[in-house]
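Encoded as structure tokens, the structure appears first; notes follow it.
The sequence lines fix the lettering, A, B, ..., with proteins before strands; numbering per chain opens at 1.
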There are 2 protein chains.
Amino acid sequence: MVKITDVARHAGVSPSTVSYALSGKRPISEETRRRVEEAVRRLGYRPHVGARALASSRSNVLALMVPLRAGINVPVVMQFAVSVVTTARRYDHDVLLLTQEEGEDGLRRVVDTALADALIVMDVQLDDPRLPLLRGLDRPSVLIGFPADAEGLTCIDLDFRAAGEACVEHLARLGHRVVALVGSPPEVYVRGTAFAQRVVQGFTAAADRGRLASAVHPCEASPAAARAVAEQLLREQPALTGVVVHNEAVLEPLIDAFEELGLRVPGDLSVTAICPDELAESLRVPVTSIALPSAEVGARAVELLMGKLGGKGVPEATLLAPRMTERGSTGRRAVA
Amino acid sequence: MVKITDVARHAGVSPSTVSYALSGKRPISEETRRRVEEAVRRLGYRPHVGARALASSRSNVLALMVPLRAGINVPVVMQFAVSVVTTARRYDHDVLLLTQEEGEDGLRRVVDTALADALIVMDVQLDDPRLPLLRGLDRPSVLIGFPADAEGLTCIDLDFRAAGEACVEHLARLGHRVVALVGSPPEVYVRGTAFAQRVVQGFTAAADRGRLASAVHPCEASPAAARAVAEQLLREQPALTGVVVHNEAVLEPLIDAFEELGLRVPGDLSVTAICPDELAESLRVPVTSIALPSAEVGARAVELLMGKLGGKGVPEATLLAPRMTERGSTGRRAVA
DNA sequence: GCGTGACGTCGAAGCGCTTCGACGGGCGAA
DNA sequence: TTCGCCCGTCGAAGCGCTTCGACGTCACGC
């Protein structure tokens, strides 16, 4: 193994000079830096991370805790993780993988043992058991998603309120005047995460603002429930021409139900969704949708962490602007 | 931060004794061990991994390199990764996540910097560019999948040959006498990975052994190709009643095509596949299938690595026995 | 011409742990 | 009884790096 003293000898300087030349923490003459870099290259020197961590109390490792729960979208998580790793590497950091299963103990462990400098926690619940720990820790962390009380925590997520608004505005722009939101299962609005409510708020606000007639229907995650909701909608809002779906599981069955009830998509009914692109693309009728921008969330999460590690102040809340992808499921309202 | 000297003081012993008491590398009296453990608990002592790594040249970290390529099955990778992490934790190790993108340099980096003690490499190609590096490294590694030349490498994967055989045997047991294999796209058999060929070998061997009439058809990953293959099969093997599909992309379109051609599954035609369970379950006709046992592969990979790290000899090749899950797509051959 | 700083470099200390050699005491064998 | 050995423990060295204080040099201002 080639070590810093080897480099120092070859460059004709002291080890500390090598360290400063490589870290830039003290001014080093152009000439010396060149010689050091040359020696590093020739010898293929790689600092020993353990030694570095011990001396500097920085491990250059971020811990990423990924969810295991059923019902989470695996490709989205994976995309996120890859984005975190890729971005972390740009800042010369590596990523340690933790599973939700390890819980608070896992987070505490990697911090206490100085394995990780900072934490990224996914799938944050409204009242997440990890919150007190994260608040108390002296290491920076970033949460993906917003808990009920985000005070003192750095959180990032898609701006679900804006996403709800964007869906309505898109439909309004196409001339639709009567819209409905088919939302998540009822229990999601109670406990679970905050984003479901935010979508409802955005949906309602935008509908009111645009003077659209609107209704909101939570929906269980079953085809039967989808069918029931479809029927109910047509009964209660006979003039309905625009639907926003925020419920991955029923998107397809819902469209099927509408078509069985005699409504063509997008001919009679425009449908737009908040769901992963993969799902929206794969349907028989590709659906105009807003996706969770997982790659962007991952990258931004790392950047926030790097800001905090660098002692910079970072915003506590980061809401990512929704981006809509138009596919085949929305169109101008047919004028009867 | 509480360190080993603190524990030593509280337990009334020297730091080295604490170290030995915790590692078990030297005999320590019952009484002393108890006092040390008590002090550890009271103080909440956690060894500093950097210091430990520096002194022992063991980081207790495994690096896992995951594929990014389009066409790989994300949930399978994720399941594998989670299994690796979970198993690693049982051996008091953590897992560092690397992306394929980082390639050989990434592997070399984590080894040279002593970040990782060992490597797990997924999605191994027949002629993988990482092979020379892995062979030359002084750290143990395990490959998921088999390259063309596995000499000197430790590899693990599903036994695809046995999987091919199992499919045929299952069909034979149900009375089918004429079978066909719909395989991967032709290019997969050329470069790519070895498993496709292994399936063919197993399929053919089992068919011959059972004196079944059989045929093998590679198939492009498009519904049109699926349709064409279905038509061709019926033309060339009119008595066909059993099909094995080893091609995720065409499984669904192929079944659709058969049904459109007037063959009911499983009434007229039994279909079995080698594909992820998720896919097999989600089809209109749930398909009897053999899945890649990703959790088991992950766990075994870690165990192999631990064996190597412990200086034990481990088998170079590990082939996992296929396990078939019967779903609705196979049945007894209808006797006309 | 001399004090003052900034610049560039060095030496040494120390980060927290493991491990090696040594050592005292107890015990069995001779 | 004595020798040798093993058991249990200690002290010290050292893993490879960063960082702090110190020091010499040079340029500048007065």
Side-chain angles (χ1 to χ4, degrees), chain A residues 1-37 39-40 43-61 92 109-117 138 309, chain B residues 1-37 39-40 43-61 92 109-117 138 309:
Chain A
M1 176 189 202
V2 30
K3 33 197 172 187
I4 201 170
T5 52
D6 301 326
V7 175
R9 192 161 358 94
H10 278 248
V13 297
S14 76
S16 53
T17 300
V18 174
S19 178
Y20 286 124
L22 295 179
S23 72
K25 294 191 180 175
R26 283 202 182 172
I28 293 291
S29 72
E30 197 47 45
E31 159 65 6
T32 303
R33 186 197 324 289
R34 235 197 16 69
R35 286 220 313 284
V36 168
E37 278 164 4
V40 165
L43 302 177
Y45 168 68
R46 301 276 205 165
H48 186 293
V49 291
R52 191 211 278 286
L54 182 55
S56 68
S57 45
R58 276 295 189 88
S59 67
N60 278 29
V61 167
D92 193 31
R109 180 175 60 81
V110 297
V111 164
D112 284 353
T113 61
L115 223 192
D117 290 339
D138 56 336
L309 282 172
Chain B
M1 178 191 200
V2 30
K3 35 196 172 190
I4 200 170
T5 51
D6 301 326
V7 176
R9 192 160 359 94
H10 278 247
V13 297
S14 77
S16 54
T17 301
V18 174
S19 179
Y20 286 124
L22 295 178
S23 72
K25 294 192 178 174
R26 282 202 182 172
I28 293 291
S29 70
E30 197 45 46
E31 158 65 5
T32 303
R33 189 200 319 291
R34 236 198 15 70
R35 285 220 313 286
V36 167
E37 277 164 5
V40 165
L43 301 177
Y45 168 68
R46 302 278 207 166
H48 186 292
V49 290
R52 190 211 279 284
L54 182 55
S56 69
S57 45
R58 275 295 189 88
S59 67
N60 278 30
V61 167
D92 194 32
R109 180 174 61 80
V110 298
V111 164
D112 284 354
T113 61
L115 223 192
D117 290 339
D138 57 336
L309 282 172

Criterion salt bridge (Lys or Arg N to Asp or Glu O under 4.0 Å) on B:R9 and B:D6, from CA distance to verdict: CA-CA 5 Å; B:R9 192 160 359 94; B:D6 301 326; 2.9 Å; yes
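- Between B:P47 and A:T32, the one whose closest nucleotide on DNA chain C sits nearer the 5' end is A:T32.
- Taking A:A39 as the reference, A:V7, A:H10, A:A11 meet the side-chain contact (heavy atoms from CB on, under 4.5 Å) condition, with sequence neighbours excluded.
- Shortest non-hydrogen contact noted between A:L22 and A:V36 is CD2-CG1, 4.2 Å.
- A side-chain donor from one of A:S29 and A:T32 sits under 3.5 Å from a side-chain acceptor of the other.
- Applying the side-chain hydrogen bond (donor to acceptor under 3.5 Å, both in side chains) test to residues at least two apart or on different chains, none of the pairs has a partner in residues 44-54 of chain B.
- A distance of 14.0 Å separates CZ in B:R34 from CD1 in B:I28, rounded to the nearest 0.5 Å.
- For DNA chain C, the contact window with chain B, defined by any atom under 4.0 Å from a protein heavy atom, covers C:dG16 to C:dA22 in 5' to 3' order.
- Closest-nucleotide positions on DNA chain D for B:S56 and B:V18 were compared, and the one nearer the 5' end corresponds to B:V18.
- In this structure, CE in B:M1 is found 8.0 Å from NZ in B:K3, a value given to the nearest 0.5 Å.
- Using modelled atom types, no side-chain atom of B:S59 and backbone atom of B:A53 make a donor-acceptor pair closer than 3.5 Å.
- DNA chain D lies under 4.0 Å from at least one heavy atom of each of the following residues of residues 20-30 of chain B: B:Y20, B:R26, B:P27, B:I28, B:S29.
- In this structure, the separation between CG on B:N60 and CG on A:L115 is 9.0 Å, given to the nearest 0.5 Å.
- For B:R58, the salt bridge (Lys or Arg N to Asp or Glu O under 4.0 Å) test picks out no residue, with sequence neighbours left out.
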How would DNA chain C look in dot-bracket form, 5' to 3', counting Watson-Crick and G-U wobble pairs with both distances under 3.5 Å and writing | for bases paired to another strand? ||||||||||||||||||||||||||||||
